[in-house]
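As a basis for the values below, the full set of heavy atoms in this structure was taken, side chains included, without hydrogen atoms, waters or symmetry mates. Just so it is clear: chains get the letters A, B, ... in the order the sequence lines come, proteins before strands, and each one is counted from 1.
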Number of protein chains: 2
Amino acid sequence: MIHFQPLGRKVEARKETPLLDLAREAGVQIESICGYAGKCGKCKVVITSGALNLSKATESERDLIPEKDRRAGMRLACQTYIKSFGKIVVEVPEGSRRGHHRLLAAGVEPKVKLSPALKKVVLRLPPATLKDLRADDDRLLEVLFKKAHLKSSISPGVHGRIPEALRKQDWVTTVTLYRNWEVIQVEPGDTSRNLFGVAVDIGTTKVVAYLIDLFTGDIAATESMPNPQIPYGEDLMSRISYTIKERDGAGRLQYAIVDGINTLVTRLCTAKGISRDDVLEMMVVGNTAMHHLFFGIPAQHVAAAPYAPAVRTSITVSPSHIGLNIYPFGKVSSLPNVAGFVGADAVADLISSGLYNDNKIGMMIDIGTNTEIIAGSKRKLLSCSCASGPAFEGAHIKYGMRASTGAIERVWIDPSTLDVNLRTVDDAPARGICGSGIVDAVSELFKAGVLEPSGKMMASENNRIRRGKEGTAEFVLATGSDTATGEDITITQHDIQEIQLAKAAIFTGVSILMKRLRIKPSELTRVYAAGAFGTYVDASSAIHIGMYPEVPVDRISFIGNAAGSGARMCLRSVEKRELADELSRKVEYVELAAEKEFQKEFAQAMFLPHRDLSRFPNHKKRTSKYHWS
Amino acid sequence: MIHFQPLGRKVEARKETPLLDLAREAGVQIESICGYAGKCGKCKVVITSGALNLSKATESERDLIPEKDRRAGMRLACQTYIKSFGKIVVEVPEGSRRGHHRLLAAGVEPKVKLSPALKKVVLRLPPATLKDLRADDDRLLEVLFKKAHLKSSISPGVHGRIPEALRKQDWVTTVTLYRNWEVIQVEPGDTSRNLFGVAVDIGTTKVVAYLIDLFTGDIAATESMPNPQIPYGEDLMSRISYTIKERDGAGRLQYAIVDGINTLVTRLCTAKGISRDDVLEMMVVGNTAMHHLFFGIPAQHVAAAPYAPAVRTSITVSPSHIGLNIYPFGKVSSLPNVAGFVGADAVADLISSGLYNDNKIGMMIDIGTNTEIIAGSKRKLLSCSCASGPAFEGAHIKYGMRASTGAIERVWIDPSTLDVNLRTVDDAPARGICGSGIVDAVSELFKAGVLEPSGKMMASENNRIRRGKEGTAEFVLATGSDTATGEDITITQHDIQEIQLAKAAIFTGVSILMKRLRIKPSELTRVYAAGAFGTYVDASSAIHIGMYPEVPVDRISFIGNAAGSGARMCLRSVEKRELADELSRKVEYVELAAEKEFQKEFAQAMFLPHRDLSRFPNHKKRTSKYHWS
Ligand code: FES
Ligand code: FES
């Protein structure tokens with residue numbers, strides 16, 4: 001019997017069958033790009049028990065797995081065959097798991113003690129009589145005080161609901177308290193098990209909403225949609241300039257996002273079979289610009305030096321204030337921002353990662369059009385934002401596309417032949433290439449010696465390399481006969497430069513924060529890769545091109561949509577909200593543009609992996625021994 | 001030279017001219033109904049200096065002015081002639097002043113120390129730079145804390161106004177604080193002198209709004225209109241039943257009053273030349289039903305035993321919550337209620353009267369369709385509400401009408417001849433009779449012996465008394481030749497019964513509260529007559545018919561629209577609001593319907609002035625010596 005961990009799947013062993021096949025039978029998707037060639041190194045697993053029942057390590061394995069890791073039991077699943085029966089336990093590292101990003105919306109879910117801002121208390125009141133003439137509000141608050149020792153006041157607007165709520169179920173009523181001091185709802189009878197909130201992560205390109213059952217703490221439903229502000233501008237800057245140039249532009253952008261979230265709330269409620277009025281609270285995270293646009297706060301100053309946000313502190317407004325269709329006297333809150341380009345989403349990332357509580361220094365990287373980086377530990381936290389641009393979303397890349405059906409998401413290139421193996425989203429015929437595919441491609445081309453450290457593509461006899469229509473070199477990833485469009489899909493010299501610009505922007509932030517903390521990459525005990533792209537992208541490729549700091553791959557944790565996860569945690573726990581407020585003050589913001597070494601750092605980071613190889617001491621070891629030229 | 005006090009008007013004396021004429025020349029309007037006959041006793045004045053320059057007291061004066069008052073210098077202005085030149089100082093008592101109700105909307109205005117809930121602070125901020133990247137909100141709150149030592153938070157919605165407010169006038173900004181802890185407004189530059197609030201008294205029939213300059217404390221403008229809910233029901237009960245019977249009836253009533261107040265606010269702002277956005281706070285008073293309807297709180301339970309109001313405590317909501325067009329992030333507050341029929345207006349009356357602070361026992365009476373009475377002193381306060389009905393507003397009275405042009409408002413009847421002298425509003429030809437006129441008429445008819453104590457009109461040869469179309473007796477107040485309509489205006493037996501019912505309802509409340517306090521009428525050191533009717537009605541007439549407790553007339557203070565005055569005081573002073581909250585808890589409510597002596601008291605009070613004359617020991621002295629029969 002073979003056990004696959006940490007998923008806990010089991011399968012009967014079959015002799016002379018590779019582990020990769022048995023894993024598939026067990027429903028465990030392991031990466032494999034080179035097609036059992038033992039060349040791409042993506043199918044790494046760790047045998048934690050029963051290694052003696054398996055075939056010996058092949059030459060490929062000795063090439064691709066460092067000695068230290070091999071001693072720890074690391075194998076290539078495509079190269080490892082069952083030799084004898086017996087219990088085998090196989091650990092599948094996060095990075096080898098294929099399709100783990102399918103779970104992205106939910107992300108990792110650190111446990112929190114359930115202590116929401118909302119609390120329901122069931123009360124039994126003495127009825128009003130000519131001998132007990134107390135007003136309804138006095139009656140309610142007096143019994144609430146007696147039962148729960150809470151001195152609360154009734155939220156404006158809720159007053160109108162009191163008379164019926166008290167009398168409809170014979171003076172049994174449920175009050176909902178917000179933070180123990182404000183009665184925001186009064187309902188007839190006992191409704192204590194019906195308590196819902198929605199957490200929303202407003203990304204620049206995608207909006208994800210989670211319905212949380214606050215009685216159990218569970219995620220009751222998840223819904224997402226592209227950010228409805230996209231028609232007004234693909235990226236933050238163009239949306240902000242829309243608010244400046246167009247009359248009521250900010251109003252239109254606010255309406256678009258609020259309307260979109262209303263749609264998501266309706267879908268969530270339909271999925272769970274509850275009413276929108278059952279949603280009492282919403283917790284919203286997003287970058288500072290998304291945050292400002294959502295709340296109707298002018299965002300233009302975020303876009304120009306000195307990039308001061310209008311609002312850092314956490315906000316709580318009433319749903320009607322921004323037109324949200326949830327319970328009208330409920331609450332809509334945001335987490336606090338840190339700075340103009342380090343928003344509430346980064347604070348949520350930080351909370352979800354746990355970095356704020358680490359004793360040793362770590363780093364959280366959330367890659368997007370703007371990449372937020374937070375580095376440090378319990379004692380000190382630094383943050384910065386890098387203008388990494390939209391290349392990883394496929395923009396400015398000739399055949400770039402989003403990570404949807406047919407997008408090339410994994411690339412492996414045989415260094416000796418330049419043969420290409422690809423994986424596409426949904427295994428559909430290739431239609432283009434998405435961010436993780438481009439990073440893989442650049443990394444593989446660099447490994448194979450096709451690219452110089454400057455990024456220049458070498459001329460070659462190999463017909464994969466050719467002069468494109470633009471007159472510059474390009475590399476053919478897939479020929480028309482294999483693609484959905486019938487057109488060749490190539491990576492151009494220009495594409496490579498876009499990726500160099502993007503990764504240089506990120507590494508400049510990484511570098512400056514490490515310098516401020518006076519540490520070397522090897523001293524980073526953990527790197528948390530947050531967000532969709534951080535989860536899709538291959539960590540070794542990212543290190544190989546010099547985007548991530550050079551740490552052993554097992555120190556990289558994929559924390560998925562950590563912003564969404566942080567928002568859910570804060571919805572479930574007021575302590576986490578207080579933590580967020582504390583962190584937002586504690587995290588020091590480093591304005592990269594104001595750092596004097598910025599230009600130099602950026603120029604050096606344009607190289608693959610970096611002009612200063614002392615930053616990537618293991619680079620040589622990782623490059624392939626094969627060189628086609 | 002003759003000085004008229006307390007108005008401070010002067011006029012040159014002219015020999016052999018009655019004081020009444022000289023007063024008119026000086027612009028001092030003194031009551032006179034009998035036309036210089038020295039019979040109506042309405043023209044009483046007090047000579048405080050120069051009495052020797054005047055004619056001797058006439059027989060009429062000796063008849064109509066009690067000895068004690070005569071010794072204090074009281075004269076009838078129509079009977080007093082200038083005999084010699086010299087300084088004469090004439091005090092015109094409130095009750096003799098004609099047309100003093102023209103000032104009613106403003107009411108009396110006890111001084112309060114200006115300490116509004118709103119406060120403006122001008123701040124000079126350090127500009128944002130790359131070296132000082134603080135968010136706008138952090139920057140603002142930090143400087144506010146340094147300058148004013150206030151730890152405040154920014155009201156949701158105001159955030160959006162911060163960036164411009166800070167930058168438009170070069171980082172000089174004015175913040176408006178609500179109760180020192182909430183920033184509700186941020187404006188560019190120094191706007192500290194521009195601070196306005198509106199006080200509103202929502203009466204069942206009339207709505208009055210006052211624009212208060214909270215920088216100076218002055219009333220900047222006053223506007224009023226009939227309550228726009230009148231088309232949905234003349235009185236409270238019919239409006240409440242409209243909310244029960246009609247779909248969205250409550251919504252329509254709320255819309256009507258809010259829309260009306262919006263109109264008043266627009267008029268106030270136009271009058272003062274400010275914008276509606278300059279009005280930051282509104283303080284509203286009204287009876288409990290008006291209060292509930294205004295805030296959108298179901299009022300139906302106020303209308304049925306045990307008459308529990310939904311809300312007693314004071315409420316503060318945002319203007320948008322109820323659709324008020326003032327500064328959108330301002331505040332709309334009400335004073336607290338006491339009980340279902342003792343509302344925020346009675347609390348305002350109480351504050352304006354000062355009764356809560358009296359060492360000796362007094363009584364505040366605010367007559368309306370429901371009459372609120374509060375009695376007691378500093379130590380203890382009791383309240384009740386009497387269903388006095390709309391008779392004093394002219395309803396159910398054959399020729400009844402509101403106190404508008406042509407309404408008979410003063411009546412004097414010669415007991416020997418039954419000749420009638422009248423005064424009408426605006427001195428226009430009579431069109432009907434208003435509340436104060438009816439009370440006068442009943443009192444005069446009773447004094448003249450036309451009415452028995454039971455209220456029955458005696459048959460007579462005098463052609464003023466006749467059998468009306470209804471077959472019952474009626475008294476002709478004005479014949480067709482003198483009226484605007486050409487029709488006779490009469491007081492019918494039925495009219496008299498309506499007045500008896502109304503005054504009995506009031507006196508029952510007066511009686512029960514006095515019993516609870518264990519006092520006799522003579523122990524009341526002060527009676528505060530509040531509201532329009534309380535100001536118009538002649539106090540002696542009201543005592544004579546047994547509506548007011550029998551106290552010397554000089555113990556009666558007319559406090560005008562005390563509800564409006566109390567609302568203005570609370571707008572100007574947070575201490576007064578806290579006082580209101582304290583009083584609303586302190587004032588004990590007596591539910592008359594639950595009192596076992598209620599029926600008996602009511603039946604006895606139906607008599608003129610009362611079945612039990614020990615309650616009116618001076619009644620005999622006050623009745624005329626003339627009897628026509
Ligand atoms: S699939 Fe195992 S190394 Fe490529
Ligand atoms: S006017 Fe003086 S008593 Fe009538």
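- The candidate with the highest count of non-hydrogen atom pairs below 4.5 Å against chain A, out of B/Ala299, B/Ser153, B/Ala128, B/Pro298, is B/Pro298.
- Both the backbone and the side chain of A/Ala310 come within contact range of chain B, judged by heavy atoms closer than 4.5 Å.
- Residue A/Gln599 qualifies as open at atom CD: its count of foreign heavy atoms under 6.0 Å is 12 or below.
- Between chain A and the options B/Pro127, B/Pro309, B/Ala308, the largest number of non-hydrogen pairs under 4.5 Å is found for B/Pro309.
- The contact between A/Arg134 and chain B is made entirely by backbone atoms, counting heavy-atom distances below 4.5 Å.
- For the options B/Asp132, B/Ile162, B/Thr313, heavy-atom pairs under 4.5 Å to chain A are most numerous at B/Thr313.
- The structure places OG1 of B/Thr129 at 11.0 Å from CD of A/Glu591, a figure rounded to the nearest 0.5 Å.
- Atom CD of B/Glu597 is surrounded by more than 12 heavy atoms from other residues, nucleotides or ligands within 6.0 Å.
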*Take B/Asp137 and A/Arg312 through the test salt bridge (charged side-chain N to carboxylate O under 4.0 Å, His left out) and record every step on the way to the result.*
CA-CA 7 Å; B/Asp137 59 344; A/Arg312 182 193 57 78; 5.4 Å; no

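- Of the listed residues (B/Val311, B/Leu130, B/Val317), the one with the most heavy-atom contacts under 4.5 Å to chain A is B/Val311.
- Surrounding CD of B/Glu182 are more than 12 heavy atoms belonging to other residues, nucleotides or ligands, all under 6.0 Å away.
- Contact tally against chain A (heavy-atom pairs below 4.5 Å) for B/Ser155, B/Pro306, B/Gly160: the top residue is B/Pro306.
- Here B/His301 is the residue among B/His301, B/Gln300, B/His292, B/His321 with the most heavy-atom pairs under 4.5 Å with chain A.
- The 12-atom threshold is not exceeded at OH of A/Tyr255, counting heavy atoms of other residues, nucleotides or ligands nearer than 6.0 Å.
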*Could you please spell out the steps behind the side-chain contact (heavy atoms from CB on, under 4.5 Å) verdict for B/Tyr589 and A/Leu133?*
CA-CA 9 Å; B/Tyr589 176 67; A/Leu133 294 160; 3.9 Å; yes

